[in-house]
Amino acid sequence: MTSPRFEEGALIGVLTTQPLDRVLDYRAPKGGCAPGDHVEVPFGPRKVTGVVWGPGAGDYDPAKVRAAIRVLDIPAMRPAMREFLGRVADYTLTPMPAMLRLATRAPGLTDPPGMRKIYRRGHGQPGRMTPARARVLDLLEEHDGLAFMLGELAELAGVGSSVVKGLVASGAVAEEEAPRDVPYPPLDPAMPGKALTGDQAAAAARLREGIEAGRYGTTLLKGVTGSGKTEVYLEAVAACLEQGRQALVLLPEIALTAEFLTRVEARFGAKPAEWHSGVTTTERRRCWKMVAEGGAQLVVGARSALFLPFADLGLIVVDEEHDTSYKQEDGVLYNARDMAVLRASLEKAQVVLASATPSLESWVNARQGKYARVDLESRFGPAVMPEMRAIDMRTEEVPSGAWISPSLKGAVRARLERGEQSLLFLNRRGYAPLTICRACGHQIGCTHCDARMVEHRFLKRLMCHQCGETAPMPETCPNCEVAGKLAAVGPGVERITEEAQALFPDARVTVLSSDLFGSARALKARILEIAEGAADIVVGTQLVAKGHNFPKLTLVGVIDSDLGLQGSDLRAAERTFQLMRQVAGRAGRAEASGTALLQTFQPEHPVIGAILSGDEEGFWSAEAAARRAAGVPPFGRMAGIVISSPDMQAAFDLGNRLARLDAPLRRIGAQVFGPAPAPIARVRGRHRVRLLVKADKAAPLQAALAEWTAQLRLPANLRLAIDIDPQSFL
Ligand code: ADP
Ligand code: ZN
């Protein structure tokens, strides 16, 4: 099907990134244009960019319709992508301009293709040959005809850039101008992968089938950490590349990409394109353009990579699919895992959801046959699942101000004696979650939020984990002004580090927490050092639960297994189960077998029981039954409405009015709860009020929500955000 072309002067509808709720009419620019073209258009006194969405609506005074300026020199947005953006907008109740911003979030797309200098072998000979010059020339001859950038060439040859410049002067090396956004080096799917085990080969064959058939399908790839899920989905990537189509691998954490890039390079001979907040702006632009032009076969990225303009997407892998970071909690509130499935269905692509501990949603979808399911039963090689035991804290003698029980201490000592590593896990950053005045009982809170200030002793500051506000640690109580009475209450990882160091003065104790590293790179470097044995005891937050390899680690001690069981979140049990299983999976990845010890005050709690017994299917069945009975996701639908305002009463008034105007919701049989103060009732100085809407699975929830909220005009200063399928109940 060829899209209609609009001749110069024809009326066209252009979607821009300007916050307007409609597509704007323009006239087609000189040379005409077609649907999907990226164009530059006049907007008031400014020029903005947009995408030709279709014919103009023609409901605007024809005399006032202005002409689009030009078609930009980037590939047009494909129909499948336009449909994807529209469907995500409908699902998440997001205005289209915001969707377009998400899809064009690469700097300098309007710039003419930039040039840069590249270097290849020239025809001349150097006046005098030195070992350094010879290395450069050898390298260029070895990579016959390939061009390098200056820094790249100098680094690979192990010379200074002046050596290269000297060779340019004599003509031995040619310096040329080339477009900046060059294709990524080709990946070779025919390179041999690792020899797969029977289980792995069977799993890979199942994934290959769907890819070779060129149809849509989603597969839940479940296997314990270390079972070879990554090996298996790399085979799916190979199959996709063999078909000449593009693949996307989403990872939940940038710190994981470095290890993955190395594995891709080992498997396919070159590194893939990267898309996340840690890459430079020029590299982001290159990635965006090459994805659109087909010059990138594989992209490894964070959730927003899902909105890249793939020319022909054949596979999306969502690694650690249960991870909550796939839910965007700011701006467009989408869940990348769910939207990956939508995008794949529009692209006739396959989705692989990989996890050791899938989300209940995916588990249910697999059980209902919507997703295929492939299991890897055992760990690769001699490693076996760790032995798991509870430490009943009711029977342990732990001094006040300490959290490591004698049993756990003994287990750590045994590891130290054998030269093995231990991990003490606590999902709480900082030194102590609460600072209280022993004179007046005052608790130090954030001045902008209803959250408590968390002491970060390494940074010597108090920090609000809600809004990021920091303040120096006060000498006197801000309330009663008595000095020397402020006391830390409860443990954070920094405090556990202090305790471990005091218990084991000769051990190398280190803490891994995201706030202690300036950059993802520094963090990654530290993780690698630790994996190689640079520490005896690692104290860490959930950061360490995610997919890193620590071959020398044989003991995991969970400081507070009850932490996640408290909250009122409907996913609390599921999260605790996943996190504990993941953390336990860190132990004994190489030859030595591992042990996981869970400190708990409620060893008979069903979630703790399921973790210990390893009866995963049993846990999920029970959890699914409970959710079905309650009519909550994934068996019912929910939406959260958060109204925020600097004035608490105004937010409540609006919430109450909205709750009374619930006719559109009642029509679809949905119920509204609230308004109630949101669990964090004040963030960045804004009071937050929350309503929760619950509906049947089949109810047309979005349309009803749109109609419901449209009944109110929002006064200035009040904001209303709709969160479909809320993940966190904050
Ligand atoms: P997962 O993604 O399930 O955690 P990985 O794919 O990372 O598992 O595999 C764990 C480790 O075992 C990795 O170091 C991987 O290279 C290795 N491994 C897995 N399968 C094989 C295999 N068939 N041959 C050689 N090494 C393997
Ligand atoms: Zn705050």
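Order of appearance sets the numbers: ligands from 1, and atoms from 1 within every ligand.
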Heavy atom of V224 under 4.0 Å from ligand 1? yes
Stacked cation flag R627 on F635, 6.0 angstrom / 45 deg: no
Any donor and acceptor pair, going by atom type alone, linking the side chain of Q200 with main-chain N or O of E231 inside 3.5 Å? no
Considering only heavy atoms, which of R267, R263, K229, E231 lies nearest to atom 7 (O) of ligand 1? R263
Geometric cation-pi criterion, R245 with F310: 6.0 Å, 45°: no
For G223 and ligand 1, answer yes if some heavy atom of the residue is under 4.0 Å from a ligand atom, otherwise no. no
Using a 4.0 Å cut-off to any heavy atom of L196, which atoms of ligand 1 qualify? 23 (N)
Which class fits the ring pair Y233 and F260: parallel under 30°, tilted 30 to 60°, perpendicular over 60°? tilted
In terms of heavy-atom contacts, does CD of E155 have more than 12 from other residues, nucleotides or ligands at under 6.0 Å? no
Can you list the atoms of ligand 1 that are under 4.0 Å from a heavy atom of A195? 22 (C), 23 (N), 24 (N)
